[in-house]
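The next block holds one structure in the form of structure tokens; read it before the comments.
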Amino acid sequence: MIVPVDHFDQPMVSPRLRARLGRLGLCVLSVTPDGRIAPLDPLDGINQLIVSSAIFNDALQEHHERLVQGVGQVIELWPGLWIIPLPLNQRRRRSEDRFGQPLLLAVVWGPKITEAPQLRAICGQNQLDYSAFVARIEPAQLVDRDEAHRLASMLVWMQEDAVEIDRRLSELQTMSQELSESYEELSLLYKLSTNMTINQVPAAFLLDACDELLQVVGLKWFALQLIDEPRLEDLAGEVFCVGTIDCEKSLLKPLGRQLIEKLPSDGAPMVVDDTASLDIPMLADLSKTMLLVPLRHEDQPLGILYGGDKLDGTHISSIDSKLCDSLTNSMSIFLSNVMLYDDMQAMFLGTLHALTSAIDAKDSYTHGHSERVALLSRLLAEGSGLKGDLVERIYIAGLIHDVGKIGVPEAVLTNPGRLTKEEFDQIKLHPEIGAVILKDIRQMQDLIPGVLHHHERWDGGGYPHSLKGEDIPLMGRVIGLADAFDAMSSNRTYRQAMGLDDVLEEITACSGTQFDPDLAEVFLKLNFDSLYALIEKHQDTAKRRSA
Ligand SMILES: [Fe+2]
């Protein structure tokens, strides 16, 4: 049965080959496995008559096996009618198909076509005058056997060449796509790695990362949920959302927890084609398809990144999943660094607390002094509007401001009576001893001004360098005021502690002489609740020790 060329698809003929065959003006037929015949180009009258005849169809079926086996050969179907089977891009065989597999056939006439009884029979069946019909065949249309063989070789080469060009183009396209995807992945990871410093605010880093990912992957939204890990500090249990998501953040938290439980144990990302299948309430209302990617560090879960539905309506691909996996690896490294940094900070502060407690313990009257000075310094620095990083450095400097007392004889430090001039001179060395102790510790260089200058006075009457006014480093002025407050508020061997009102009155009186007047003004307005809580804690500790 002959059908129009567009009546069925011809996957075995590439557009490139079809165009080439068309230019040659050859009669080329595509035969489907079920025996339907379609010419690649419209046929002239004589070819149309032959190809649509039952005689031709039967002959094709009869020689089918030879046609399948004889690719590139010249097969005589009947006298003067040669068929050249061409190679196909793909082969398949189905038992129910009449011809078993598709064929691509070039039909060429030889000089003996006019003698073929089959042609005479076709004319008879169509009530055509045979002589007139044969007279319409132009000699130029006929090729001899040698020419037919040369034509067969050329057609095979042409088909193979077209297939090879298509294959290479397809490879090029795949490579280009892979290159583009790799570029996107590398570009994203590069952006993240350049942002991934410990100085970066972690929440801002994670939000930026999700935002970049949203743009590259093209999902409608992403949510990043972190576990309740205390070492993650502000990030513990936090949820970050980017894109358009129709759900309250508070509702996302329990959702994220349930999704973490659905993740595969091997830590691989998971593409969910139908969220209803996860059986989590409300999830299907959020998105139909979803991508779940675990955040892990050394097999410990840190959280989950999940996002829903592609903006262009396509499926979430394995490439999307791979990209998200790479990015969550970077996020996990960043988070593990945050935890490591937290550990180091805790260890650092713990060491400082232990050190300052050891110093304070030399004198029972100064128990907890360094911690209180650190706390007051922090309050004063915050009250003065200083930035968070500097406030924390001032706190640490407050903790170690008396570290130089290590170099002062214990007998002098614990002398219950009034100090002699020599003893006081020895005490006065402690800021410089402290600076010497710290000078070789790279991470504490910025704390030295606070340690060295916490006994300077605004009017220049302090020590060790008798600096005046704003020549005294700010850190020294802040700690000096906090130190004086705590000294006045604490019992000493030679006097009882002063009450808060008296102390504040003294600070007011000494503003502009001993203390920086601006700092003194801020100090008088501070809320001391956290100081009293600390004092209470110290008193409890002291009671437990004496019990
Ligand atoms: Fe001191």
Side-chain angles (χ1 to χ4, degrees), residues 352-381 393-416 418-439 441 444 446-467 472-495 497-498 503 506-507 510 513-516 519-520 523 531 534 538:
L352 289 188
H353 279 282
L355 177 68
T356 52
S357 295
I359 299 162
D360 292 348
K362 279 186 157 190
D363 179 352
S364 59
Y365 282 98
T366 58
H367 173 70
H369 168 70
S370 299
E371 279 197 52
R372 292 193 296 274
V373 170
L375 177 70
L376 283 165
S377 300
R378 180 194 268 158
L379 290 176
L380 180 54
R393 299 307 285 170
I394 288 176
Y395 173 81
I396 294 170
L399 261 185
I400 57 166
H401 73 285
D402 274 345
V403 70
K405 283 186 178 172
I406 287 174
V408 177
E410 200 164 330
V412 176
L413 286 178
T414 57
N415 184 348
R418 289 270 173 191
L419 296 174
T420 64
K421 183 178 178 302
E422 289 71 25
E423 284 174 329
F424 191 55
D425 284 346
Q426 280 185 303
I427 291 266
K428 281 167 72 178
L429 288 175
H430 79 270
E432 286 171 299
I433 297 171
V436 170
I437 290 171
L438 300 182
K439 82 174 174 34
I441 306 174
M444 294 194 176
D446 61 322
L447 309 181
I448 292 177
V451 173
L452 183 60
H453 297 295
H454 73 273
H455 284 294
E456 304 284 0
R457 285 173 56 104
W458 185 255
D459 59 9
Y463 63 91
H465 295 161
S466 305
L467 297 181
I472 307 166
L474 178 63
M475 204 178 256
R477 280 179 269 153
V478 170
I479 296 171
L481 181 45
D483 189 24
F485 176 91
D486 191 66
M488 290 187 272
S489 314
S490 309
N491 288 325
R492 287 292 186 262
T493 50
Y494 47 87
R495 63 156 171 76
M498 293 164 68
V503 175
E506 186 67 16
I507 287 174
C510 296
T513 52
Q514 185 175 351
F515 307 121
D516 175 338
L519 287 178
F523 195 91
L531 176 72
L534 183 64
H538 287 157

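Values below: every heavy atom of this structure, side chains too, minus hydrogens, waters and symmetry copies. Order of appearance sets the numbers: ligands from 1, and atoms from 1 within every ligand.
Geometry about the Fe ion (ligand 1) gives an angle of 90° between NE2 of His455 and NE2 of His430, rounded in steps of 10 degrees.
Using a 4.5 Å heavy-atom threshold, the side chains of Thr356 and Val403 count as separate.
Restricting His454 to its N/O/S atoms, the shortest distance to the Fe ion (ligand 1) is reached by NE2. The Fe ion (ligand 1) is closest to atom OD1 of Asp402 (considering only N, O or S atoms).
Under 2.8 Å from the Fe ion (ligand 1) lies no N/O/S atom of Asp483, from backbone or side chain alike.
Within the 6.0 Å centre-distance limit, the rings of His369 and His401 are counted as a close aromatic pair.
The two residues Phe485 and Leu376 have their closest heavy-atom pair at CD2-CD1, 3.4 Å.
Between His430 and His455, the ring planes lie perpendicular to each other; the angle is over 60°, past the 30° to 60° tilted range.
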